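Please read the structure below before turning to the comments.
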Amino acid sequence: QVQLVESGGGLVQAGDSLRLSCAASAHTFSIYAMGWFRQAPGKEREFVAGISWNGGNTHYSDSVKGRFIISRDNAKNTVYLQMDGLTPEDTAVYYCAAAFTLLPSTLFTSYNYWGQGTQVTVSS
């Protein structure tokens with residue numbers, strides 16, 4: 001079982017930046033593609049960003065492309081989400097997820113493990 005723990009969320013103002021971290025418990029971290037999802041109040045969970053097992057391929061939703069960057073450090077069993085130019089529309093609970101596949105998926109049903117989520121709130 002892979003345990004995922006997100007951190008780095010908080011309350012910020014529009015235009016600020018945050019870096020989310022997701023720490024995995026297993027030494028087999030590198031076999032998983034990783035993704036970030038978010039869920040805002042009253043909305044369904046949506047894909048934000050994904051990264052392949054070795055970091056060679058990334059994918060972003062149109063809403064965050066150019067503002068967010070996903071990266072991973074397999075030696076530290078950690079995946080990151082650097083978020084710049086935050087807007088109130090980015091307010092959501094952000095979830096880290098792991099998929100037993102080499103390439104990331106935009107579908108939440110493709111992911112095998114999930115973190116507990118971290119709240120990001122952006123005020124205007």
Side-chain angles (χ1 to χ4, degrees):
Q1 184 77 23
V2 177
Q3 302 293 326
L4 304 174
V5 180
E6 302 97 333
S7 62
L11 174 62
V12 298
Q13 295 181 340
D16 285 352
S17 297
L18 282 173
R19 188 182 73 161
L20 305 183
S21 298
C22 174
S25 62
H27 293 295
T28 55
F29 176 73
S30 62
I31 71 174
Y32 295 97
M34 302 296 297
W36 287 96
F37 290 75
R38 67 186 182 186
Q39 187 165 19
K43 301 179 67 176
E44 295 186 349
R45 188 170 301 187
E46 66 172 342
F47 172 80
V48 176
I51 189 167
S52 61
W53 68 280
N54 63 352
N57 292 282
T58 58
H59 184 67
Y60 300 91
S61 68
D62 290 339
S63 62
V64 307
K65 191 174 300 182
R67 298 188 297 121
F68 292 8
I69 297 176
I70 187 171
S71 62
R72 67 190 298 163
D73 187 340
N74 288 349
K76 297 181 178 179
N77 293 346
T78 303
V79 63
Y80 305 95
L81 185 68
Q82 177 67 43
M83 305 185 295
D84 296 329
L86 288 165
T87 73
E89 288 70 37
D90 296 316
T91 295
V93 177
Y94 284 71
Y95 297 91
C96 175
F100 191 58
T101 180
L102 298 182
L103 300 177
S105 172
T106 61
L107 303 176
F108 72 87
T109 53
S110 298
Y111 290 82
N112 304 97
Y113 305 99
W114 293 84
Q116 82 289 348
T118 185
Q119 177 71 48
V120 173
T121 302
V122 185
S123 62
S124 60

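Please read all numbers here as calculations on a predicted model, not as lab measurements.
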CG of Leu20 to CD of Glu6, rounded to nearest 0.5 Å, is 8.5 Å
For the side chain of Thr106 and the backbone of Phe47, is there at least one donor-acceptor N/O pair under 3.5 Å apart? no
Where do Arg38 and Ser63 come nearest, in terms of heavy atoms and distance? NH2-OG, 3.3 Å
Single-linkage hydrophobic cluster Phe108~Tyr95, side-chain heavy atoms < 4.5 angstrom: yes
Report the distance from atom CG of Asp16 to atom CE of Met83, rounding to the nearest 0.5 Å. 10.5 Å
In Å and rounded to the nearest 0.5 Å, what is the CD1 to CZ distance from Ile31 to Phe100? 4.5 Å
Residue pair Thr58 / Ile51: nearest heavy atoms and the distance that separates them: CG2-CG1, 3.8 Å
Distance, nearest 0.5 Å, that separates OG1 of Thr121 from CD of Gln13: 13.0 Å
Please report the closest heavy-atom contact between Val64 and Val48, naming both atoms and the distance. CG2-O, 3.5 Å
Any idea which heavy atoms bring Val5 and Gln116 closest together, and the distance? CA-OE1, 3.7 Å
For Tyr113, is the OH atom crowded, meaning more than 12 foreign heavy atoms sit under 6.0 Å from it? yes
Identify the heavy atoms of Lys76 and Thr78 that sit nearest to each other, and give their distance. O-OG1, 2.8 Å
Smallest separation among heavy atoms of Tyr111 and Ala33, with atom names: CE2-O, 4.3 Å
